[in-house]
Amino acid sequence: MLLPVPFVLFTADDRIQRADRPRFSLAGFWVSPRWHPDFAWAWITRFLIQLGNALGTLYLLYFLQDRVHLADPDTGLLVLILVYTVALMATTVFAGRRSDRTGRRRVFVIWSGIVMAGAALLLAFWPSWPVAVVAAAVLGVINIANSAPQVLGPALAAPIVVHLGGYPVLYVLTAVVTLLGSVFVLRIRSVP
């Protein structure tokens, strides 16, 4: 965390002449899905997988308390976070190396979505502590990187848990959106 500080403090930036600076325009941030469909599908894929991750992890504490009936859900959640983090680091290194060696990207996204959906279905239909630990390890295959699904996840999850069928429906929805996110990667043509 502190390693970039010397670089930022002691590395001078090249000066850009005013005439060479691009003009600022909000239109410059728009990427047309019609002209760049691969970008659109990549965005949708990432959004859905991250939404599934947000839905699946948001209520884990209450899931441990209400469905698993764990005596100490706070400690249980800490254990799940540790398992999730270790699994995330291990699979990131393994999958990253394999992806770099093979040059293929889509297959790793598809399999990670399938694995995450499987973890969500485990939580939906077998709510127990050992299953929660396995699911935490399996959910570690993809990192939480986008903020929009993290905001949308709570807005969707709360009414589902309270009014629309509870935790089983929440985790089935988690499985559905992560599977959609992983399958939509097939629409991206420029990535092997």
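Along the sequence shown, the residues carry numbers beginning at 1. Since we're looking at a predicted model, the values are computed, not measured.
Side-chain contact between Val131 and Phe125: absent, with no pair of heavy atoms (C-beta onward) separated by less than 4.5 Å. Contact check for Leu64 versus Trp129: side-chain heavy atoms found under the 4.5 Å cut-off.
Taking the ring centroids of Phe47 and Trp43, they lie under the 6.0 Å cut-off.
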Practice problem: Show your reasoning for whether side chain to side chain contact (heavy atoms under 4.5 Å, CB included) applies to Leu121 and Tyr171. | Solution: CA-CA 6 Å; Leu121 292 173; Tyr171 288 115; over 6 Å; no
Exercise. Decide side chain to side chain contact (heavy atoms under 4.5 Å, CB included) for Ile49 and Met116; before the verdict, give the C-alpha distance in whole Å, the side-chain angles of both, and the deciding distance to 0.1 Å.
Key: CA-CA 9 Å; Ile49 290 175; Met116 288 177 63; 4.0 Å; yes
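A side-chain contact (heavy atoms from CB on, under 4.5 Å) with Thr174 holds for exactly one of Val169, Leu55, Thr57; it is Leu55. Of the options Leu179, Thr178, Val183, a side-chain contact (heavy atoms from CB on, under 4.5 Å) to Ile114 is made by Leu179 and by none of the others.
Applying the side-chain hydrogen bond (donor to acceptor under 3.5 Å, both in side chains) test to pairs two or more places apart or on separate chains, those with a residue in residues 72-83 are Asp72-Thr75.
Scanning both residues, Pro168 and Ala124, for their nearest heavy atoms gives O-CB, 3.7 Å. When all heavy atoms of Val83 and Val133 are compared, the pair lying nearest together is CG1-O, 3.7 Å. Taking all atoms of both residues into account, the shortest heavy-atom contact from Ala120 to Ala175 is CB-N, 3.8 Å. Of all non-hydrogen atoms in Arg67 and Pro127, the two that sit nearest each other are NH2-CG, 3.5 Å.
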Which donor-acceptor pairs under 3.5 Å do the side chains of residues 156-167 make with protein atoms, sequence neighbours left out?
from   : atom 1 : to    : atom 2 : distance (Å)
Tyr167 : OH     : Tyr62 : O      : 3.4
Tyr167 : OH     : Asp66 : OD2    : 2.8

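Both Leu123 and Ile81 sit in one connected hydrophobic cluster of ILVMFWY residues. Membership requires side-chain heavy atoms under 4.5 Å apart, directly or through other members.
With a 6.0 Å radius and a threshold of 12 heavy atoms from other residues, nucleotides or ligands, Ile16 has its CD1 atom at or below the threshold.
Atom CG of Leu70 sits about 10.5 Å away from atom CZ of Phe63, to the nearest 0.5 Å. The distance from the CG atom of Leu58 to the CG atom of Leu170 is 8.0 Å, given to the nearest 0.5 Å.
Under the side-chain contact (heavy atoms from CB on, under 4.5 Å) criterion, His69 pairs with no residue, sequence neighbours left out.
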